[in-house]
Number of protein chains: 2
Amino acid sequence: MGKPIKVVTKTFKVIEILNQGKGISLKDLAQQASLPKPTAFRILDTLLSLGYADQDAATQQFRLGSKFLTFVKSSSAGADIIALAKPYMEKLGEAYGETINLARLTGDQIIYVRVLESDHSFRISDNIGDRASVHSTAIGKAIAAFLPEPQLKEILNTTTFTSFTRKTIIDEASLRKHLVLVKLQGYSVDDEEGHDGVLCIGAPIFNKDNLPFAAMSISMPKVRAKKKVLDNMIRDLPKVAVQLSLDLGVTDIRKCFGKEPS
Amino acid sequence: MGKPIKVVTKTFKVIEILNQGKGISLKDLAQQASLPKPTAFRILDTLLSLGYADQDAATQQFRLGSKFLTFVKSSSAGADIIALAKPYMEKLGEAYGETINLARLTGDQIIYVRVLESDHSFRISDNIGDRASVHSTAIGKAIAAFLPEPQLKEILNTTTFTSFTRKTIIDEASLRKHLVLVKLQGYSVDDEEGHDGVLCIGAPIFNKDNLPFAAMSISMPKVRAKKKVLDNMIRDLPKVAVQLSLDLGVTDIRKCFGKEPS
DNA sequence: TAATGTCGTTTCACATAGTGATATATACGT
DNA sequence: ACGTATATATCACTATGTGAAACGACATTA
């Protein structure tokens, strides 16, 4: 790989900082990005002129431009999977009346790309674009369990095992042990590990290279998670995920669940 | 405004081309971007190294990286409005059982940022991230009607009045005439102008500068759009939109609907 | 109101960093 | 094996981005 273009790298650093919050001053931004003020300013100015950043008229603060919304679709198979998953998600939603989530792995994070909300007034619901960590979600664990070792290692190295509840898995060793179980089962369970009172089951979705890159999950208040219902979900959800993987171009699903992807 | 950084401008041109489709070869991309191949390559190479582009191992084609999903939230008040709108959308959804849309104006396009689907099996539904044009949607017309003349002009200049149905407004003069009516009413109606058999009503949402930047709409099959129901919607929807504008920091709502924003 | 501080923004001489015609590598088809 | 399509690599040239310093606008204080 050749040398990356420096300005572009800097530009994305700026964009990532803009993405952290609602607004930031030039001074703070330059500082966080470790860039001289004029350099940061020129980058912002360019983004402004392209519509990828906005400047608040009153406070003069800078923020990401709404033009970034343009990229929601088509982000690398994003469009595909969302469209293909829709009917399955609706079927699951109708069958169980709980919230169905679809999320992708991006770097070391889980990003929700589609959420079908339950119509219960007492329900669990994340929003599209929300981010979550791998170690505390059914989705994350479903994906992680089937990742090739090098990539898993990379993710776990950058993961901070934040504790959200008393049941959150907070060290790598326990997580790895847990992932072995997930791999055996073919689905993952998050039993109040992300939020108290919330139970979630997840199943991995594979791309045509037999690699897990997304997952689907059903989340519900634990009080509604009766054994019988759960058993049915554990039967249906992985089935749906497999079907979706096949739709996405997986030819031999056994390779996905096997020990090592070819 | 100073001179924009050229590489950055080129980079976003490349990104926008990548965003158009599922995958593209270096050759085609360089051609579409009017860039020499090595230049295009270096830009792609940089995006690759940053994770903002992917290259298909088999076909060698390039596409946008999923890392762009990271920017879905926090795109300029995007997060705010979505969170604030949620309860209102749910209330409308419960009240009428039809699909409720929330969309923003970005450039000359409408981008859906949240969709709450009706539970009718016969329903209208766009997806989050979908784009639509101003002239053919209730959302677009609701926003356009309250835009200051210079911005409206700019949008209409770049608009191609694509005809979707026999009722689509296909020239600027008719649209402007129509917008006067919308401004008077305070809400917009799309009567089979985007899709045959689909009726939609929309109301504008203003930001703290009293400018319309988003809108909410209710869409339904025309067969279900009975006069009585419509009358209720036309009463409720603008009320909700006004409330949302106030939540977003508008202090004097009359200024928004007045002749010229101060 | 003058003095001081703190921003965002502009300037400009300098050299680094990006350019792109050309060359090479690699894959595939015949 | 040859031709032809790619995607990559090279490298001399100079256009382009750099950042210290200066500027202007506004706010805060004396």
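Proteins get letters first, then strands, A, B, ... in listed order; numbering begins at 1 in each.
Shown here is Glu172(A), whose CD atom has more than 12 heavy atoms of other residues, nucleotides or ligands within 6.0 Å.
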Given the rule in the side-chain contact (heavy atoms from CB on, under 4.5 Å) test, do Gln32(A) and Ile24(A) qualify, once you have shown the distances and angles that lead to the verdict?
CA-CA 10 Å; Gln32(A) 277 191 49; Ile24(A) 188 169; 3.6 Å; yes
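Rounded to whole angstrom, the span from the CG atom of Asp45(B) across to the C1' atom of dT8(D) amounts to 9 Å. Regarding Leu29(A), its CG atom lies at a distance of 13 Å from the C1' atom of dG8(C), rounded to whole Å. Between the CG atom of Asp28(B) and the C1' atom of dA7(D) there is a distance of 13 Å, given to the nearest Å. In this structure, Gln60(B) places its CD atom 16 Å from P of dA25(C), rounding to the nearest Å. Rounding to whole angstrom units, CD1 of residue Ile24(A) and P of dG8(C) are separated by 10 Å. The CD-P distance, from Gln31(B) to dA5(D), rounds to 14 Å in whole Å. Atom CG of Leu26(A) and atom P of dT9(C) are 7 Å apart (whole Å). Atom CG in Leu47(B) sits roughly 16 Å away from atom C1' in dA7(D) (whole-Å rounding).
Rounded to 10°, the angle separating the first-five-pair axis and the last-five-pair axis of the helix from dG8(C)-dC23(D) to dT30(C)-dA1(D) equals 50°.
For the side-chain contact (heavy atoms from CB on, under 4.5 Å) with Met216(A), the lone residue among Ile139(A), Val240(A), Asn101(A) that qualifies is Val240(A).
Applying the 4.0 Å criterion to OP1 and OP2 of dT9(C), one finds that Gln55(A) has a side-chain N or O inside that range.
Using bins of under 30°, 30° to 60° and over 60° for the plane-to-plane angle, the ring pair Phe12(A)/Tyr52(B) lands in the parallel bin. Ring orientation note: the planes of Phe164(B) and His135(B) are close to parallel, at an angle under 30° on the 30°/60° scale.
Leu18(A) is listed as a side-chain neighbour of Leu44(A), based on a closest heavy-atom distance under 4.5 Å. Val7(B) has its side chain within reach of Val8(A): a pair of non-hydrogen atoms, C-beta onward, lies under 4.5 Å apart.
A distance of 7.0 Å separates NZ of Lys10(B) from NZ of Lys6(B), quoted to the nearest 0.5 Å.
Phe71(B) and Phe71(A) have their aromatic ring centers separated by at least 6.0 angstrom.
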How does protein reach along nucleotides 17-22 of chain D, written 5' to 3' as B (base within reach of a heavy atom under 4.0 Å), S (only sugar-phosphate), or - (no contact)?
SBBBB-
